[in-house]
Amino acid sequence: MPEYLMRLVQVHESFRKAELQALAELAGVDMEFVSYSEDSPFCIISLASPAAARALITRSILSQAIYELWGHGSSLPALHASVLATSPPHWPSCATTSFRFTLDSYRGSRSTASQTTLIESFSYLPFTGPIQMRNPTHSFRIFEDYALGEKEPRYLYLGRFIADSGRQAKTTYDLKKRSYISTTSMDAELALVTANLSLAGPGKLFYDPFMGTGGFPVAAAHFGAVTLGSDIDGRSIRGKEDGKNVLGNFKQYNLTDHYLDSFVSDLTNSPVRGCLGPSPLSAGNAPGGWLDGIICDPPYGVREGLKVLGIKEGRGEWRKEMHLDRWQDEGYIPPKRPYSFEAMLDDIMHFAAVTLVEGGRLGMWMPSANDQDIELDVPTHPFLEVVSVCVQPFNKWSRKLLTYRRLPSNSILTSTTPWIKRREDPGLVHANDLNSFRKKYFEGFREKEPEAMSSGPLAEDAAST
Amino acid sequence: MKILTLNFLTCARKACKAEPAAFPLHPRDAELEIVEAELNTEFLRNVLPRVEWEALRVVTEELGLPSLPNVAPEPDAIFPAASTAAAATANETPANPAPTQLLQDLHHLLLETTILSGKLVCGNCGHEYAVKEGIANFLLPSHLV
Ligand SMILES: [Zn+2]
């Protein structure tokens with residue numbers, strides 16, 4: 001297959017390959033990485049055609065443009081030798097048309113005179129058309145890759161421009177220009193990348209159960225998905241005066257046709273159909289998934305504190321009675337109780353397993369470590385296969401974007417993977433449901449191992465309180 | 001809240017999840033609004049098979065909207081022929097055939113008809129969820145959590 005040069009951006013390096021792989025899947029094109037390094041913004045891939053290159057890059061956020069590769073080498077003479085060896089078949093298509101040459105030096109620079117000399121060294125190419133800097137028929141670019149602080153490039157490429165990426169969306173959706181945001185809004189660039197990795201696209205239905213001000217739904221809508229979101233805090237959805245709210249953001253970007261709804265709910269007591277689902281395994285039939293994608297940045301507890309509905313244990317009966325009296329009042333705010341991070345991850349995984357269609361994706365952000373600096377495992381689920389793990393490092397912590405694919409149910413039913421949910425339900429320790437726990441307690445856990453008590457949900461919750 | 005969304009939601013109480021009577025939620029005192037949206041044929045084709053038809057019929061009737069057929073129509077009856085099988089195999093974008101009346105009706109019902117305010121009532125436990133400014137609130141009071 002012909003080779004193409006991808007001019008990537010040198011940020012969020014660990015997301016770049018995952019994005020291209022997702023976009024290749026979405027566009028239905030075969031793509032192979034010929035050369036790729038986290039330390040370089042240049043990547044060579046093989047694709048069937050320029051049309052495949054265009055289809056691949058059109059939605060890319062972490063690249064700038066794609067070029068037909070005319071040659072490459074570790075020195076200028078090596079580049080020329082490569083151009084002479086591989087590019088002649090392309091020459092007739094550019095013989096008489098307008099063209100231009102430009103230079104892209106990564107981590108290096110050249111004087112104007114030196115740039116001219118470099119460009120003129122390609123004058124052996126038999127082009128007789130006019131040089132035209134504005135909108136030429138063919139645009140050639142010389143790329144130089146310098147090691148940090150070096151005077152000479154460590155690698156060079158020559159490419160013919162094919163298409164720009166979709167990176168301008170980063171500017172379009174820049175939070176600085178968005179009417180309604182909060183301190184926890186994901187920046188536009190990474191929200192768009194999240195939507196790309198989860199294959200948001202026309203015809204699909206996407207959901208964010210922790211929508212906040214709606215950054216992920218907006219990103220998924222940009223790529224054509226119809227979106228649904230919810231949040232435990234209705235104020236974040238309704239927003240403020242003057243239409244500064246979630247719907248207002250969709251209006252700002254002219255995406256209201258892609259806004260299905262927002263509602264106020266809590267993942268542990270979600271109204272979403274089928275979300276507690278019988279375990280897909282025990283059901284023995286199709287689980288009735290109806291979402292094409294779930295993308296979210298669950299509240300970490302780093303800035304927000306982790307809470308779900310319920311009254312904290314040991315707060316006394318009077319408090320429950322107070323809520324019993326007032327819950328129908330205008331503006332009533334239900335009490336919340338602490339919720340362990342691991343319990344929440346389990347709940348999200350289970351939720352995704354039973355609500356995603358086969359092949360649907362879950363894109364979930366999580367911190368790499370908890371507040372005690374203990375590295376968190378990438379959560380697993382027998383129905384969800386890890387597609388990519390991308391890390392965004394900060395000075396003192398890091399977070400990951402985990403992308404999963406919902407496996408076909410029949411592939412699981414025939415496998416030996418046991419269905420094990422680490423925690424049946426964190427809500428079990430609370431309120432009315434406690435009765436079933438008490439009942440079992442007095443029955444002496446006849447069917448359970450003695451250690452069930454210390455590793456059960458009660459112990460977990462006590463630890464997190 | 002759009003009628004399509006309502007088809008994906010049930011009572012939030014765990015005790016109701018397994019009860020058939022908890023789905024669909026029944027609109028009460030609903031104030032409806034029509035929010036115009038562009039017809040999204042690709043989306044409807046994808047999402048209609050996921051709709052619980054009987055629940056949709058119940059809700060439509062309760063809202064006093066034109067009644068739906070007893071059985072979900074076949075895709076062939078909803079989507080114009082040229083854009084189903086032919087579009088899936090041909091690589092080029094086919095000329096957009098005129099949408100069927102049924103497709104337009106379903107679009108209007110599912111994606112343009114909105115419950116602006118009112119209540120959504122669980123048929124199992126009777127709990128009422130309020131809808132205000134088109135946004136439903138499913139948070140449960142602590143004695144129901
Ligand atoms: Zn109920």
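Protein chains get the first letters and strands the later ones, always in sequence-line order, with residue 1 at the start of each.
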When the 4.5 angstrom heavy-atom criterion is applied to A:Leu260 and chain B, the contacting part is both

Could you measure the distance from the CG atom of B:Leu139 to the OG atom of A:Ser230? Nearest 0.5 Å is fine. 9.5 Å

Chain A heavy atoms under 4.5 Å from B:Leu111: which part of the residue, side chain, backbone, both or neither? side chain

First locate atom CG of A:Leu228, then atom NZ of B:Lys2, and finally report the distance between them rounded to the nearest 0.5 Å. 9.5 Å

Within the 4.5 Å heavy-atom criterion, are A:Val264 and B:Lys132 side-chain neighbours or not? no

Can you tell which part of A:Ser270 gets under 4.5 Å to a heavy atom of chain B, answering side chain, backbone, both or neither? backbone

Between A:Gly234, A:Gly224, A:Ser265, A:Pro202, which has the largest tally of heavy atom pairs under 4.5 Å with chain B? A:Pro202

Under 4.5 Å to a heavy atom of chain A? For B:Glu52 that would be both

State, to 0.1 Å, how close A:Asn269 and B:Ala12 come at their nearest heavy-atom pair, and which atoms those are. O-CB, 3.3 Å

For B:Val51, is it the side chain, the backbone, both or neither that has a heavy atom under 4.5 Å from a heavy atom of chain A? backbone

If every non-hydrogen atom of A:Val272 is compared with every non-hydrogen atom of B:Leu9, which pair is closest and at what distance? CA-CD2, 3.9 Å

Are A:Lys204 and B:Asn46 close enough that a side-chain donor and a side-chain acceptor fall under 3.5 Å? no

Looking only at atom types and distance, does a side-chain atom of A:Arg273 sit under 3.5 Å from a main-chain N or O of B:Asn7, one as donor and one as acceptor? yes

On the 0 to 90° scale, with breaks at 30° and 60°, tag the B:Phe138-A:Phe263 ring pair as parallel, tilted or perpendicular. perpendicular

Check the side chains of B:Asn40 and A:Asp257 for a donor-acceptor pair under 3.5 angstrom, ignoring hydrogens and angles. no

Rounded to the nearest 0.5 Å, what separates atom OG1 in B:Thr114 from atom CG in A:Asp261? 7.0 Å

Looking only at non-hydrogen atoms, find the nearest pair between A:Thr268 and B:Lys14 and report the distance. O-NZ, 2.6 Å

Quick check for you: among B:Glu112, B:Glu36, B:Glu42, which has the greatest number of heavy-atom pairs under 4.5 Å with chain A? B:Glu42

Toward chain A, the part of B:Leu4 with a non-hydrogen atom under 4.5 Å: side chain

Highest number of heavy-atom pairs under 4.5 Å with chain A among B:Ile135, B:Val47, B:Val131, B:Leu44 belongs to B:Ile135

Minimum side-chain heavy-atom gap B:Arg50-A:Leu291 below 4.5 Å: no

Interface moiety of B:Phe8 toward chain A, non-hydrogen atoms closer than 4.5 Å: both

